[in-house]
Amino acid sequence: MQCYHCEETLLDNDCSAPKFIVNCTANIQNACQKEVIVGENGVSYRKTCASFSTCLIVSAGYQSFCVPGRVGSVCISCCNTPLCNEPRPPRISLGPTHPPARPTTLLIITVAMGTLP
């Protein structure tokens with residue numbers, strides 16, 4: 001598994017250049033994690049390799065802090081395909097505008113940790 005890896009880079013350099021690609025630890029880090037943090041001075045990113053189950057737990061814990069565009073917002077996403085923690089493609093208008101899409105439903109996954117007998 002390969003992911004982008006960086007710490008708190010401002011929006012004009014979202015650390016998606018090839019020099020930020022790292023090999024994750026086999027059998028342990030099976031996912032990529034991306035944090036988008038909105039601060040007083042702009043947006044910063046934190047990207048890293050992660051355990052998919054741990055990332056889901058952390059992401060769920062920060063769900064209430066994820067308000068894109070609001071100062072203080074922290075949004076954490078998890079994915080499990082190579083280099084999936086790259087930035088979202090830029091918005092490009094290629095023709096006439098379309099009416100807004102219907103709202104989507106947000107699915108929140110809760111992961112319970114416990115011991116097996």
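On a predicted model such as this, the values are computed, not experimentally measured, just so you know.
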Using the test side-chain contact (heavy atoms from CB on, under 4.5 Å), find all partners of Cys24 that sit at least two apart in sequence or belong to another chain.
Met1, Cys3, Gln29, Cys49
Counterpart residues, side-chain contact (heavy atoms from CB on, under 4.5 Å), relative to Ser77 (two or more places apart):
Lys34
Sequence neighbours left out, what passes side-chain hydrogen bond (donor to acceptor under 3.5 Å, both in side chains) with Asn80? Give chain and number order.
none
Partner set under side-chain contact (heavy atoms from CB on, under 4.5 Å) for Thr54, not counting sequence neighbours:
Ser51, Val58
Can you tell me how far the NE2 atom of His5 sits from the CZ atom of Arg46, to the nearest 0.5 Å?
10.0 Å
Using a 4.5 Å cut-off on heavy atoms from C-beta on, say whether the side chain of Arg70 contacts that of Val38.
no
Main-chain N/O of Asn85 paired with Lys47 side-chain donor or acceptor, under 3.5 Å
yes
Interatomic distance, Glu35 atom CD to Cys66 atom SG [nearest 0.5 angstrom]
11.0 Å
Closest non-hydrogen contact found for Ser73 with Cys75 is OG-SG, 3.6 Å
Under the 3.5 angstrom rule, does the side chain of Thr48 hit a backbone N or O of Gln33 as a donor-acceptor pair?
no
Mind checking side-chain contact (heavy atoms from CB on, under 4.5 Å) for Ile28 and listing every partner two or more places apart, or none if nothing turns up?
Thr25
Going by ring-ring contact (aromatic ring centres under 6.0 Å, His included), name the residues that satisfy it together with Phe65, two or more places apart in sequence or in a different chain.
Tyr62
Taking all atoms of both residues into account, what is the closest heavy-atom pair of Phe20 and Cys6, and its distance?
CD2-CB, 4.0 Å
For the CD atom of Gln2 and the SG atom of Cys84, what is their distance to the nearest 0.5 Å?
11.5 Å
Is the closest side-chain heavy-atom distance between Tyr4 and Ile21 below 4.5 Å?
yes
